[in-house]
Amino acid sequence: MGSSSHASTGTLDKSRFANPFFTREGWLYFAILAVLILVVFPLTLDAFRLNNVGKYLTYAFVALGLVLCWGHSGILSLGQGIFFGLGGYCMAMFLKLEASSPENTAIQSTPGIPDFMDWNQITELPWFWAPFHSFGFTLIAIVAVPMILAFVIGFAMFTRRVGGVYFAIITQAIAAILTILIIGQQGYTGGVNGITDLRTLLGWNIRTSEAQFILYFVCAGLLLASLLLCRAVHVSKLGRLVIAIRDKEDRVRFSGYDVAAFKIFVFCFAAGIAAIGGALFTLQVGFMSPTFVGIVPSIEMVIFAAVGGRLSFFGAIYGTLLVNYAKSTFSETFPELWLFAMGGLFIAVVMAFPDGLAGLYHRHVRPHLAKIPGLFDRQSGRGRDVVAQPAE
Amino acid sequence: MNALPATEHAPKEFVLEVEALTVSFDGFKAVDDLSFYVDENEIRVIIGPNGAGKTTVLDLICGRTKASHGSIRFRDRELTRMKEHEIVHAGVGRKFQNPTIYEELTVFENLELSIPRGRTVFGALGFRRDQAVLDRIEEIAEFVFLKDHLKTPSAILSHGQKQWLEIGMLLIQDPSLMMLDEPVAGMSVGERVKTAELLNNIIKDRSVIVIEHDMKFVEDIAHRVTVLHQGKVLSEGSMEHVKNDPKVVEVYLGH
Ligand SMILES: Nc1ncnc2c1ncn2[C@@H]1O[C@H](COP(=O)(O)OP(=O)(O)OP(=O)(O)O)[C@@H](O)[C@H]1O
Ligand SMILES: [Mg+2]
């Protein structure tokens, strides 16, 4: 075609332009993480600590979603607690109904409904509670309810080209409104105390230490699965497209893409992942309350992702674990200082290390590791030959 | 194709018919009752002083700015009522005044994202990098002189190469109307010559609208030239014609 360039000498070598799901290096990171949370923690931590780590891992779901949504797509949501909380509430509603069987609640004026409803003079199970008798429905609702809300928010905002700071503020406002709503509608939601006193899952007592131990593995396993799912989205064309949208939205739009649709998808996806974390939180901790829905937890979750590295799925998980570990040790000793420490940490990370721990690793640690023959590359000494991508 | 009922302005079928196009920003008419027509396989160059409204005309055609009045017909479709991505699907491609490429991604990936396949959310999730994709990318990369840079992060390309890359990103969509806003800005003389050649090759199966300030380049490529001034057509015709038009000399070429 081009008259000034020499004729094509053959087709491109497909393998040179392959886009692997994980490089060898990526699988290595994945294996290290899997060993850490599936083997090292369960072997070294006592039941109480392990349950705590399990709780932190549920926040890591939110952080994973934020990497795609905020890090890759540039959509900063300060309201992920909404979706975490809704997922948690869906699970809590199922467990609460199971705990409120007519036999268990015989002393109430209306047996068979959750205790807090009875206290609030409600005499009939509200219509939107009824389907949560079904475990199948609950499993679907855990993901579907938050995703539908995310779709509505995303559709309203992104088709109107609302983005950036305005979007972040609106998500905050929605988180605040939802908290107020939950607290205000005490009879339907359990109010400020949330939904408590959850006991069994399909007859299985979730409060025993064996159950907690098993639930930890369910949580860790689902987190690893979610990581792979996020990775699959990231290596797809959609994953590259959202990075392009973040950097040059107009170019993407004028290449024939409906940009709003992609933003809505990513926002819904992050909401769905966050909701799975919320449901697992309820299972492991045994209650759900509005404290996990509002502004503060939503911002904390963004901090987890920021500290770990908002471009890195692995970073987000480590960041979540680390910040929460720091929070638990620090706030035991200086509870009143924790919020300041947290704020300071966030500012420090954003100002000095915008790519978080993952960025530090890639700049200062990885170059040394890369010199070890055969560690990251099958053939030693050969330079890295993968298509440039944001830090794993 | 059933186009407009033939009017005195449109005796034959044009690819693009811009009629009585007006847009005002807070009362300031950046484009004012503008009409022009582009033929099949034509290279039309729009020139004019800074702020004449050239970029705004492209913005209006590709849907980035909504017109206050007037119509833009592309083949038999009214573009003023369509969404941006629908206009692209209809066959209109546009290069921005500053090279607009995905700097985080490689040349290969930039071209790949521009391939008109997997344009929906689920299409993009299921998109596969198959041999047809590789072949197409190779073909276009060669055409825009970037075949040896496919793995290069596009951020480190020279300014001229970035311009070529963006042209390649349009070409890979095979638009029937290509609009290029100052494609040779920041290019060396050698690069300009290559770009002129490139445009003359592109033209075989499409129409091109080019905005340019470089007169030598305009002379090399233009079939017809439209001179804009204060949002209106000041003069139109062959390069020879507009060069000798006293109005053009006064407002534009004179200094
Ligand atoms: N979105 C906008 N809002 C307000 N004014 C605008 C907008 N876009 C363009 N203008 C104004 O319209 C006029 C025409 O601008 P335009 O960018 O089309 O000029 P141009 O011919 O492309 O100039 P140049 O050669 O400098 O690129 C300018 O005065 C500009 O300030
Ligand atoms: Mg301009």
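To find a chain, count down the sequence lines: A is the first, B the second, and so on, and within it residues start at 1.
Using modelled atom types, one side-chain atom of B:Ser154 and one backbone atom of B:Leu105 make a donor-acceptor pair closer than 3.5 Å.
Here A:Leu241 is the residue among A:Val233, A:Asp247, A:Leu241 with the most heavy-atom pairs under 4.5 Å with chain B. In terms of heavy-atom pairs under 4.5 Å with chain A, the best-connected choice from B:Val144, B:Ile101, B:Val88 is B:Val88. Counting heavy-atom pairs closer than 4.5 Å to chain B, the top residue among A:Ala232, A:Ser236, A:Ser255, A:Ala261 is A:Ser255. Among the candidates B:Arg64, B:His89, B:Lys83, the residue making the largest number of heavy-atom pairs closer than 4.5 Å to chain A is B:Arg64. Considering only heavy-atom pairs separated by less than 4.5 Å from chain A, the leading option among B:Leu198, B:Thr120, B:Ile115, B:Asn110 is B:Thr120.
Only the backbone of B:Arg94 has a heavy atom closer than 4.5 Å to any heavy atom of chain A. For a residue to count as touching a neighbouring chain, one of its non-hydrogen atoms must lie under 4.5 Å from one of that chain's; by this rule B:Ile87 does not touch chain A. Both the backbone and the side chain of A:Tyr257 come within contact range of chain B, judged by heavy atoms closer than 4.5 Å. For A:Asp258, the parts lying under 4.5 angstrom from a heavy atom of chain B are both the backbone and the side chain. Interface remark: B:Glu166 contributes side-chain atoms only to the contact with chain A (heavy atom separation under 4.5 Å). For chain A, no part of B:Arg128 is nearby; none of its heavy atoms comes within less than 4.5 Å. Interface residue B:Leu125: backbone and side-chain heavy atoms are both found under 4.5 Å from chain A. Heavy-atom distances place no part of A:Val266 under 4.5 Å from chain B, backbone and side chain included.
Atom CZ of B:Arg117 sits in a crowded spot, with more than 12 heavy atoms from other residues, nucleotides or ligands closer than 6.0 Å.
No salt bridge links B:Lys54 with B:Glu182; every basic N to acidic carboxylate O contact stays at or beyond 4.0 Å. Salt-bridge formation is detected for the pair A:Glu25/A:Arg366: a Lys NZ or Arg NE/NH1/NH2 atom is positioned less than 4.0 Å from an Asp or Glu carboxylate oxygen. Between B:Glu191 and B:Lys194 there is no salt bridge, since no side-chain N of the basic residue sits under 4.0 Å from a carboxylate O of the acidic one.
A:Phe30 and A:Phe21 have their aromatic ring centers separated by at least 6.0 angstrom. A ring-centre distance under 6.0 Å is found for A:Tyr29 and A:Tyr361.
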Pairs under 3.5 angstrom only: tabulate donor-acceptor contacts from the side chains of residues 172-179 of chain B to other protein residues two or more places apart or in another chain.
{"unit_1": "B:Gln173", "atom_1": "NE2", "unit_2": "B:Met169", "atom_2": "O", "d": "3.3"}
{"unit_1": "B:Asp174", "atom_1": "OD1", "unit_2": "B:Arg206", "atom_2": "NH1", "d": "2.9"}
{"unit_1": "B:Asp174", "atom_1": "OD1", "unit_2": "B:Arg206", "atom_2": "NH2", "d": "3.3"}

* Show the numbers, then the answer: is there a salt bridge (Lys or Arg N to Asp or Glu O under 4.0 Å) between B:Glu112 and A:Arg240? => CA-CA 10 Å; B:Glu112 185 187 45; A:Arg240 270 159 280 139; 2.3 Å; yes
